[in-house]
Amino acid sequence: MTDRPTFQIVDQLSRIPSGPAVAPGTELLDTRGRALRDLRISVTDRCNFRCIYCMPKGVFGKDYPFLKRPELLSFEEITRLVRLFASHGVRKIRITGGEPLLRRGVENLIAELAAIGGLELTLTTNGVLLPRMAQRLRDAGLDRITVSLDALDEATFRLMNDVDFPVSDVLAGIEAAEKAGFGPLKVNMVVKRGVNDHAILDLARHFRGSGHIVRYIEFMDVGSSNGWRMDDVVPSREVVERISAEFPLESLEANYHGEVAERWRYADGQGEVGVISSVTQAFCSSCTRLRLSTEGRLYTCLFAQQGHDLRSLLRGEADDDRLRAAIATVWHARSDNYSEIRTAETAAARKIEMSYIGG
Ligand code: SAM
Ligand code: SF4
Ligand code: SF4
């Protein structure tokens, strides 16, 4: 059986120390003055893809020791936590994974979260299960969907997902999401030099004029298994230049403070694209995101080496006040700015895998 590298780190974690009481409604600020606004929740560490930049087949094979069901936070546990996070200023929830649509009954979780009220509910998926799930998710109260798609030609797409899923499955998922009323969608493409960078323009051509927004993401050194090298990164600046050479682009203002994607519009009015420059232009100074892992650990950064165990508190005697204090303790102590200090050495360090922590 394959070793589960991330868990050697996770197992060293201790419980969150008891902090002072924090009243509901208190806005939390970290050591850099950043408020807590977004929560990403990984609902499963499993996936039907083995994307080479995320869950490479050589490492995450069929016999990889994924989490067992009792280890996962239940929907009741997640909902209880989300209520507490909402009382501390969280406004946006992203359901992710692994592949979140593989978590049985995920639409029931969406319905429970929608009943809390005042939250923007979003989900990121590889799209292949959308034909049967999109309408159920819409009916449950999901607001928006982001679909990942790394190429339009069959050979490259299969090379990226490494399990032979055809592009047509994802395109069918996008169509189902549109039909269910989710349009316009965001379509995420991770760009890896020499592997799928020719698809930058393919996606631009395909989605121009559709209303959907393609967002080009720089390949990141998340986890410890994707063999990241700086040479594999195509800087967003180059992505914009390449698209502009065929379809001139003009820069747009951000929609809100802390927006991750830099926005560009087609000069001829055919819509917009985004670039996410996590490697070449760090946006840590406005990072308001916290991550809740599949088994209930809090991570204050995508590149964290350590999480904070909320599940043992949840499953112990902790009341809401104790949980609120624990959340505040974690956020108040947060100082992460990994992307501002990335070096070849930090990139090689062991970090938690993205599929577990939630991308
Ligand atoms: N399985 C779902 C999917 O692929 O959309 C949700 C989870 S996935 C971890 C979330 C996002 O992270 C996807 O858009 C994926 O492309 C992105 N991602 C994963 N590994 C990445 C990496 N090494 N660099 C940049 N983005 C990455
Ligand atoms: Fe699965 Fe998403 Fe990771 Fe690809 S990026 S392996 S679809 S979790
Ligand atoms: Fe936020 Fe960490 Fe990414 Fe910086 S590196 S933007 S702190 S998740």
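Start at 1 and go down the list; that is how both ligands and their atoms are numbered.
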Using a plain distance cutoff, I'd like to know if [X] has any nitrogen or oxygen under 3.5 Å from a nitrogen or oxygen of ligand 1.
X	result
M220	yes
G98	yes
E99	yes
S148	yes

Is it possible for you to check whether [X] lies under 6.0 Å from the centre of the six-membered ring of [Y], through NZ or CZ, and within 45° of that ring's axis?
X	Y	value
R158	F165	no
R50	F60	no
K192	F219	yes
R144	F182	no
R342	F303	yes

Run the numbers for me: atoms of ligand 1, each under 4.0 Å from some heavy atom of [X], listed by number.
X	value
V222	22 (C), 23 (N)
N126	2 (C), 3 (C), 5 (O)
T96	6 (C), 7 (C)
N226	23 (N)
C54	19 (C), 20 (N)
F219	23 (N), 24 (N)

Is it true that atom [atom1] of [X] has more than 12 heavy atoms of other residues, nucleotides or ligands lying nearer than 6.0 Å?
X	atom1	result
E340	CD	yes
R132	CZ	no
R237	CZ	no

### Query
At a 4.0 Å threshold, what atoms of ligand 2 neighbour a non-hydrogen atom of N126?
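Those qualifying, in numeric order: 7 (S).
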
Residue, atom name and distance, where the atom is the protein heavy atom closest to [atom]:
atom	value
atom 3 (Fe) of ligand 2	C54 SG, 2.4 Å
atom 4 (Fe) of ligand 2	C51 SG, 2.3 Å
atom 26 (N) of ligand 1	V190 CG2, 3.3 Å
atom 2 (Fe) of ligand 2	C47 SG, 4.4 Å
atom 19 (C) of ligand 1	M354 SD, 3.3 Å
atom 21 (C) of ligand 1	Y53 CD1, 3.4 Å

### Message
If the contact criterion is a heavy-atom separation under 4.0 Å, does E218 count as touching ligand 1?
### Response
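Heavy atoms of E218 do come under 4.0 Å of ligand 1.
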
### Task
Check if G97 has a non-hydrogen atom at a distance under 4.0 Å from any atom of ligand 1.
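Heavy atoms of G97 do come under 4.0 Å of ligand 1.
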
### Query
Of all the atoms in ligand 3, which lie at a distance below 4.0 Å from a heavy atom belonging to F283?
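Going through ligand 3 atom by atom, the ones under 4.0 Å from F283 are 6 (S).
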
#### Entry: Part of T125 with heavy atoms under 4.0 Å of ligand 1, whether side chain, backbone, both or neither
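Under 4.0 Å from ligand 1, T125 contributes backbone atoms alone.
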
### Query
Does ligand 1 have a heavy atom under 4.0 Å from the side chain of I217, from its backbone, from both, or from neither?
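For I217, the contact with ligand 1 is made by the side chain alone.
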
### Task
Indicate whether the side chain of S236 and that of E218 have a donor and an acceptor atom separated by less than 3.5 Å.
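Side chains of S236 and E218: pair found under 3.5 Å.
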
### Query
For atom 2 (Fe) of ligand 3, how many protein N, O or S atoms come closer than 2.8 Å?
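The number of such protein atoms is 1.
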
